[in-house]
There are 2 protein chains.
Amino acid sequence: MSRRSGILEFAVLGLLRESPMHGYELRKRLNTSLGVFRAFSYGTLYPCLKSLVANGWLAEETGGAPEDARAASLAGRRAKIVYRLTAEGKEHFEELLAHTGPDTWEDEHFAARFAFFGQTSRDVRMRVLEGRRSRLEERLEKMRASLARSRSRLDDYTLELQRHSMESVEREVRWLNELIESERAGRDRRTGPDK
Amino acid sequence: MSRRSGILEFAVLGLLRESPMHGYELRKRLNTSLGVFRAFSYGTLYPCLKSLVANGWLAEETGGAPEDARAASLAGRRAKIVYRLTAEGKEHFEELLAHTGPDTWEDEHFAARFAFFGQTSRDVRMRVLEGRRSRLEERLEKMRASLARSRSRLDDYTLELQRHSMESVEREVRWLNELIESERAGRDRRTGPDK
DNA sequence: TTCGTCATGTAATGGGTTACATGATTAC
DNA sequence: GTAATCATGTAACCCATTACATGACGAA
């Protein structure tokens, strides 16, 4: 029970929905394919997998069909545990995909959600994108305010750092604007009057 | 002893070098003036301050001069503890400022170091900037490689996410290039032949 | 007088890493 | 045969947050 990391749990479920995998491979996918994710260590991943099994969301399949003589002969062989999503797991992931909320627009969480946008319904995508955007706009407001208050007593490097990080945030807002635009365009094409 | 957070310790020492402060104010400065830093909670900050005192790097000054009658009359009054950097603390911070190494070019650590570049010698600044840059270039290489390997089996959203985060990294590299350029220009002005 | 913000602190908990331990398989 | 990488796992630790507890000070 418990040992829920939110992000990791979500990503694991999402990856396994595409196809069953064992832990080691899962970890690679977490770093590479999904790129953005930081590399979770085995010390995090394996216990997480166990807990997902305990919840009934994953099933372990310790390789080799039992009727296979060669498998039996290699008795001492370390089991390569393949995990696959159960029906309950699929259902649970579906729920997670449908969920939107303030936690959803935080940095890491947002990246994880975005990575599975391919499986997400458009209205949920919109809510997440818009939530993220307003979250960033809030952040910008705070930065601008504190900058206005303290600009005078800050040295050049501190100022430059603030300028650069504000620009980064502004850049992400523009990116979100484009994404939201194209989501809307997609909707319009579907529900619009004609053409 | 211990309870060292690296970043927090460094930032606290650096802020207190400018002027003595109490914990509450310190925390505000950590969020606002230095902007980039995430808001450390009191549950992190206060124990950290205690440990810095235990190390002899900070000294506590529980306000009010003792000869002040009013201070004595307000017996029950909650002490407002002002922390100031000791000579040892200053020396220790100097050492931290001079240190460069692989840890120094990681995201959060780098931001903290950059925020105190005003107090850092130019050659150390250069090493940190260049270290950071090569760290990012490494990261770019990995991203490009994994993208090349798996582009085909990734959906549009995953691709877009990777594209955007690569662009972010590339943008930071350009920023670092400019900074390094202007550091070099600064050195040239000083040591160059004339004008 | 009550509410917001200033101000300090602790204990429980969370979420993660590192180091360690083990062993199979593949490539050279 | 030996090194790299595949593969799984545990225990000790680290860093930080949350929730809680306490209380002063100023303004409405």
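Letters A, B, ... mirror the listed sequences (proteins, then strands); counts begin at 1.
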* To do: Output the single nucleotide from D:dA16, C:dT18, C:dG9 whose closest atom is nearest the side chain of B:Phe40.
  => D:dA16
* **Interface residues of residues 16-25 of chain A with DNA chain D (non-hydrogen, below 4.0 angstrom)** => A:His22, A:Gly23, A:Tyr24
* What integer distance in Å separates B:Leu52:CG from C:dT8:P? -> 15 Å
* Asked: OP1, OP2 of D:dA16 versus side-chain N and O of B:Ser41: anything below 4.0 Å?
  -> no
* Under the criterion ring pair (Phe, Tyr, Trp, His ring centres under 6.0 Å), which of A:Phe110, A:Phe114, A:Phe93 is the partner of A:Phe10? -> A:Phe93
* From the options C:dG9, D:dC6, D:dG9, select the nucleotide whose nearest atom is closest to the side chain of A:Lys50. => D:dG9
* **Listed nucleotide nearest any side-chain atom of A:Ile81, set C:dG9, C:dT10, D:dG9** => D:dG9
* To do: Could you tell me whether A:Arg163 and A:Glu160 have a side-chain N and a carboxylate O separated by less than 4.0 Å?
  => yes
* What stem regions, each of at least 3 consecutive Watson-Crick or G-U pairs below 3.5 Å, can be found for DNA chain C? -> C:1-28 with D:1-28
* Between A:Asp107 and A:Arg132, is there a salt bridge with N-O shorter than 4.0 Å? -> yes
* Asked: Would you call A:Glu170 and A:Arg144 a salt bridge, using N to O less than 4.0 angstrom?
  -> yes
* Over how many whole Å does the gap from A:Asp107 atom CG to C:dG15 atom C1' extend? -> 17 Å
* Are A:Phe40 and A:Trp57 joined in one hydrophobic group, where the rule is that I, L, V, M, F, W and Y side chains link up if heavy atoms are under 4.5 Å apart? -> yes
* Rounded to the Å, how far apart are B:Lys80 NZ and C:dT5 P? -> 17 Å
* Roughly how many Å is it from CG in A:Leu45 to C1' in C:dT17, rounded to a whole number? -> 13 Å
* Which whole-number value in Å describes the distance from B:Asp103 CG to D:dC14 P? -> 17 Å
* Asked: Does the side chain of A:Gln119 reach to within under 4.5 Å of the side chain of A:Glu94, using non-hydrogen atoms?
  -> no
* C:dT8, D:dG9, C:dT17: which one has an atom nearest the side-chain heavy atoms of A:Tyr42? -> D:dG9
* Compare side-chain N and O positions of B:Thr44 against OP1 and OP2 of D:dC15 and report whether any pair is under 4.0 Å apart. => no
* Structure fact -> To the nearest angstrom, the CD-P distance between A:Glu60 and D:dG9 comes to 7 Å
